Amino acid sequence: MNAESDERTGESADGQDAELGSRAPEFIKSRRSLHLSWQVGVFIVGLAVVGAGVVMLPLPGPGWLVIFAGMAIWATEFVWAQLVLRWTKRKVTEAAQRALDPKVRRRNLILTTVGLVIAGVLVGLYLWKFGFVMPWKIDQ
């Protein structure tokens, strides 16, 4: 993310030029107090969605998905959120391209296989030592 870019337009992740800034309707943008109220409302709704996503991180639920949804809500009104989302999309695209690299896929497959073999050996050792007894019923 370039800290010096204060441009109102930029290139989006799909290669098209995208306008940065508020996407509020024109009649809202034309009145300063109404636009400020609109921005406060968007900020509060986005904050609630991001807060719910943060709560979902340790609890069951799609935490990161909800956090990014809150960022998308903020991005409808705030340039900083648009730039953060643009940067995130670029990084995710780059990571996906790296993951499709044959060398990386082979390495990931090898690491997964080694991890499964280690887990299988540990489960086998546990069953050999204790049999099929739940850990809370062990008398030793």
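Small disclaimer: the values here were computed from a predicted structure and weren't measured.
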Student: Heavy-atom distance under 4.5 Å between the side chains of Glu94 and Arg90, does that happen here?
Tutor: yes

Student: Would you say the side chain of Lys91 lies within less than 4.5 Å of the side chain of Trp87, judging by non-hydrogen atoms?
Tutor: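 Yes, their side chains come closer than 4.5 Å.
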
Student: Between Leu85 and Trp74, is there a side-chain heavy-atom distance shorter than 4.5 Å?
Tutor: no

Student: Give the intermediate values and the outcome of side chain to side chain contact (heavy atoms under 4.5 Å, CB included) for residues Val55 and Val66.
Tutor: CA-CA 10 Å; Val55 168; Val66 174; over 6 Å; no

Student: Tell me whether Val54 shares a hydrophobic cluster with Phe68, the cluster being built from Ile, Leu, Val, Met, Phe, Trp, Tyr side chains joined at under 4.5 Å.
Tutor: yes

Student: Under 4.5 Å between side-chain heavy atoms, hopping through other hydrophobics if needed: is there a path connecting Trp80 to Ile73?
Tutor: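 Same cluster: Trp80 reaches Ile73 through Ile, Leu, Val, Met, Phe, Trp or Tyr contacts under 4.5 Å.
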
Student: Are Phe78 and Leu34 connected into the same hydrophobic cluster when the rule is that any two of I, L, V, M, F, W, Y join if their side-chain heavy atoms are below 4.5 Å apart?
Tutor: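 Yes, Leu34 connects to Phe78 through the hydrophobic network.
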
Student: Are Ile67 and Leu65 in one and the same hydrophobic cluster, where Ile, Leu, Val, Met, Phe, Trp and Tyr link if side-chain heavy atoms are under 4.5 Å apart?
Tutor: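 No; Leu65 is not reachable from Ile67 via cluster members.
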
Student: How far does CG of Leu122 sit from CG of Leu127, to the nearest 0.5 angstrom?
Tutor: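 The CG atom of Leu122 sits 11.0 Å away from the CG atom of Leu127.
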
Student: So, do Gln39 and Val42 sit near enough that their side-chain heavy atoms are less than 4.5 Å apart?
Tutor: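 Gln39 vs Val42: side chains apart.
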
Student: Tell me whether Ile44 shares a hydrophobic cluster with Leu36, the cluster being built from Ile, Leu, Val, Met, Phe, Trp, Tyr side chains joined at under 4.5 Å.
Tutor: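 Shared cluster, no.
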
Student: State, to 0.1 Å, how close Val50 and Met71 come at their nearest heavy-atom pair, and which atoms those are.
Tutor: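 Closest pair (atom of Val50, atom of Met71, distance): CG2-N, 4.1 Å.
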
Student: Looking at CD1 of Ile118 and OG1 of Thr113, how far apart are the two atoms once the value is rounded to the nearest 0.5 Å?
Tutor: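 Going from the CD1 atom of Ile118 to the OG1 atom of Thr113 covers 11.0 Å.
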
Student: Going through the checks in order, is the side chain to side chain contact (heavy atoms under 4.5 Å, CB included) test met by Glu77 and Trp38?
Tutor: CA-CA 9 Å; Glu77 198 58 36; Trp38 178 270; 3.0 Å; yes

Student: From Thr112 OG1 over to Arg107 CZ, what is the distance, rounded to the nearest 0.5 angstrom?
Tutor: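 If we round to the nearest 0.5 Å, Thr112:OG1 and Arg107:CZ are 10.0 Å apart.
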
